[in-house]
Amino acid sequence: MSAPAPATHDGGAPLPGPATAEWWQSAVIYQVYPRSFADGNGDGVGDLPGLIARLPYIASLGVDGIWMTPFQPSPQVDQGYDVSDYCGVDPLFGTMEDFDRLLELAHSLGLRILLDVVPNHCSSEHPLFQQALAAGPGSRERELFHFVEGRSSGPESPSDLPPNNWQSVFGGQAWSRATPDSDTDTEWYLHLFSAGQPDWNWRNPEVGDYFEDVLRFWFDKGVDGLRIDVAHALFKAEGLPDAPSASPVVDGLRSNPLVSDQEEVHEVYRRWRRLAEQYQPQRLLVGEVNLEPSRAARYTRGDEMHQAFAFAFVRLGWDAVAWAAVGTELEAARTLHGAAPTWALENHDIVRSATRFGGGRLGARRARAALVALLGLPGSAYIYQGQELGLPEVDVPVDSRVDPMWARGGVTRDGARVPLPWAENPSLTHGFSEREAAGPWLPVPEGWGDYAVERQQQDPHSVLHLATQAIALRRRLWDEGVFTADDGGTWRVEEGTLLLCERSPGFLVALAMGAERVKLPAGVVLFSAFPLAEDGWLQPDNAVWIRRD
Ligand code: TEU
């Protein structure tokens, strides 16, 4: 099949974009949360040897690569997002030799490896933070972080109040005393997350240089790219002024404009892009930029990151009109900045889609349909481990919750992080770990084996089969030139509840989001989440890919 003519939009001007797609433009990436993926040494925590043993499973999904959340040395206050050594491997997960083995085997299986880099903050155990604490107020060492004199409630109580009213994403104030028991050290340090995660001061050029070395270290090893944690937050408003409101910084920092999306941050990604381009093949940068579409797209301008997650649907209910509106916004941002959306419905921070979309059988149907829709959209797609099994959110018993957000803010993300069920057999962990008696780091609920990989591999109607088939067909459509990097998406709603995204040219993704059946759009159905029950109709919570030439 010959490649279709370039897509045209708004008056016919061709969109900017490469004639030949880069690998990441068509990619499906599988997110691995190593703690919960597979436990190789029987200590109840997933690790690199466990992941190595299961790499063939990931390859069998047909995905292009893996994004791994942090496995670097860390006190694990925030399950690894509190890094104390950016260039190591925490013994909890294995050794650097294990990582090298992982990288080599992944590459031999055709899988790229993306790592998580956490540049907004480190661990309070990081040697540079420890040195800053020891060096005391006013020292050069403290300029790597945000150490600031506290405010005073009265002459008797010097510096007893934090420097400003900023709130932590995890709940409570975003400041802690440098040395709580000291009369002489009256400084506080900033932490947008937990007190164990001090924010770096990116206005100090030494921080930029430090991270350049970190990037080089992993790129030199052959790592294919990086997912950048809270990428929009590195710079804070100059002078750290009070926020207009001291309400908790929920929803990924969006309620305090002073802690994120400062213009200076773009220079960081320009520098990182230049570095990424020095490697062959070029290394990929994908950002966690939890901002509205028009702001997030600015991080994917031609000389910045390659991708930024489109989190927009994550905040929406099962509502075709709302999805179409957000899809249209994302398309407008794409047209403006030339980078296609990077889709994700789930990750380790978000309530599982099967639960978010209604729970039980209804939620399971919707999650399955949404996954099919997602894989047909123009742009790269990220799938979170277990999404291909249709895992629901788990109500982790209160005593077992370990997410620091639970202690600080009363919200837990543990329910999306429960160990993966590999085997249906009745062992306590369903094949995740050999640690039977004490169990894994988060308990698995009753009935977890029903979702097990082994079981779904035997069932041709399973979510696992469906996801694998959708990924294979998607790949074929790219190879045949039906899908191209220049494709846009025109979003609309028909019959009140039928969500449509028309991918240029002549390819339609349809998702029935209402309670009633709807007319099936004209064209040849290439794929569906559920079999089509009646001629010419689409049942509620089904999704189809349609070709109309
Ligand atoms: O998350 C950044 C973030 O602000 C949100 O995802 C937040 O955790 C969520 O909106 C709360 O509802 C990243 C990581 O993905 C997350 O696991 C870390 O806890 C966080 O950074 C700190 O490193």
Side-chain angles (χ1 to χ4, degrees), residues 29 31-36 67-72 74-84 86 114-126 129 166-172 174 190-200 202 211 226-234 236 247-257 259-261 265 286-292 295-296 299 308-316 342 344-353 355-356 382 384-385 393 401-418 442:
I29 304 283
Q31 180 193 347
V32 170
Y33 192 72
R35 278 184 158 264
S36 303
W67 150 35
M68 298 169 67
T69 55
F71 53 79
Q72 289 79 2
S74 159
Q76 303 292 325
V77 167
D78 186 19
Q79 277 72 58
Y81 280 95
D82 47 319
V83 179
S84 53
Y86 286 89
L114 311 182
L115 302 190
D116 215 312
V117 64
V118 189
N120 179 69
H121 47 268
C122 59
S123 160
S124 52
E125 299 296 318
H126 192 289
F129 187 76
W166 295 359
Q167 300 289 299
S168 149
V169 178
F170 289 169
L190 177 69
H191 51 84
L192 291 185
F193 294 90
S194 75
Q197 295 164 291
D199 281 46
W200 292 100
W202 275 84
F211 274 94
L226 298 172
R227 176 266 191 187
I228 306 163
D229 190 56
V230 275
H232 52 312
L234 311 193
K236 284 77 183 170
S247 58
V249 186
V250 289
D251 201 9
L253 309 167
R254 284 146 42 97
S255 55
N256 181 354
V259 296
S260 74
D261 204 24
V265 76
V286 51
E288 189 204 22
V289 185
N290 205 343
L291 294 169
E292 60 185 88
R295 298 301 298 179
Y299 290 74
F309 293 110
F311 284 121
F313 293 144
V314 162
R315 285 186 279 275
L316 304 179
T342 299
L345 283 172
E346 293 192 10
N347 68 31
H348 62 291
D349 295 333
I350 303 172
V351 173
R352 291 274 192 187
S353 58
T355 303
R356 237 169 48 225
Y382 283 62
Y384 175 45
Q385 66 179 46
E393 186 81 357
R401 295 179 185 173
V402 295
D403 182 5
M405 239 182 136
W406 172 247
R408 287 185 69 96
V411 175
T412 176
R413 299 169 296 180
D414 293 311
R417 302 173 178 180
V418 170
L442 280 179

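Predicted, not measured: the structure shown is a model, and the values here were computed from it. Residues: numbered from 1 along the sequence shown. We count ligands from 1, going down the list as the structure has it; atoms in each ligand are counted the same way.
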Next on the checklist: As an exercise, identify every atom of ligand 1 less than 4.0 angstrom from a heavy atom of His348.
Outcome noted: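 Checking each atom against His348, I get 14 (C), 15 (O), 16 (C), 17 (O).
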Checklist entry - With atoms numbered from 1 as shown, which atoms in ligand 1 lie under 4.0 angstrom from a non-hydrogen atom of Asp78? => result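 Close to Asp78: 18 (C), 19 (O), 20 (C), 22 (C), 23 (O).
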Item to check | Side chains of Arg227 and Gln31, donor plus acceptor under 3.5 Å | outcome: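 No, Gln31 and Arg227 have no side-chain donor paired with an acceptor closer than 3.5 Å.
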Next on the checklist: Minimum heavy-atom separation for Pro119 and Ile228, please, with both atom names.
Outcome noted: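 Looks like CG-CG2, 3.8 Å.
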Next on the checklist: Restricting to non-hydrogen atoms, name the atom on Tyr33 and the atom on Arg417 that form the minimum distance, rounded to 0.1 Å.
Outcome noted: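 Smallest interatomic distance, heavy atoms only, reads OH-CD, 3.4 Å.
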Of the side chain and backbone of [X], name the one, both, or neither that has a heavy atom under 4.0 Å from an atom of ligand 1.
{"X": "Arg417", "value": "side chain"}
{"X": "His191", "value": "neither"}
{"X": "Tyr33", "value": "neither"}
{"X": "Arg413", "value": "side chain"}

Checklist entry - Of Asp116, Asn120, Asp349, which meets side chain to side chain donor-acceptor pair (under 3.5 Å) against Tyr81? => result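 Output: one option passes, namely Asp116.
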Next on the checklist: Nearest non-hydrogen contact with atom 2 (C) of ligand 1 belongs to which option: Gln197, Glu288, Arg227?
Outcome noted: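 Result: the heavy atom closest to atom 2 (C) of ligand 1 is in Glu288.
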Item to check | Pick from Met405, Gln79, His121: the one approaching atom 11 (C) of ligand 1 most closely through a non-hydrogen atom | outcome: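 Going through Met405, Gln79, His121 one by one, Met405 has the nearest heavy atom to atom 11 (C) of ligand 1.
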Item to check | Salt bridge flag under 4.0 Å for residues Asp414 and Arg401 | outcome: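 Looking at Arg401 together with Asp414, the answer is no, because their closest N to O distance does not fall below 4.0 Å.
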Checklist entry - ring-ring contact (aromatic ring centres under 6.0 Å, His included) between Phe309 and Tyr382: does it pass, once the steps are laid out? => result CA-CA 9 Å; Phe309 293 110; Tyr382 283 62; 4.7 Å; yes
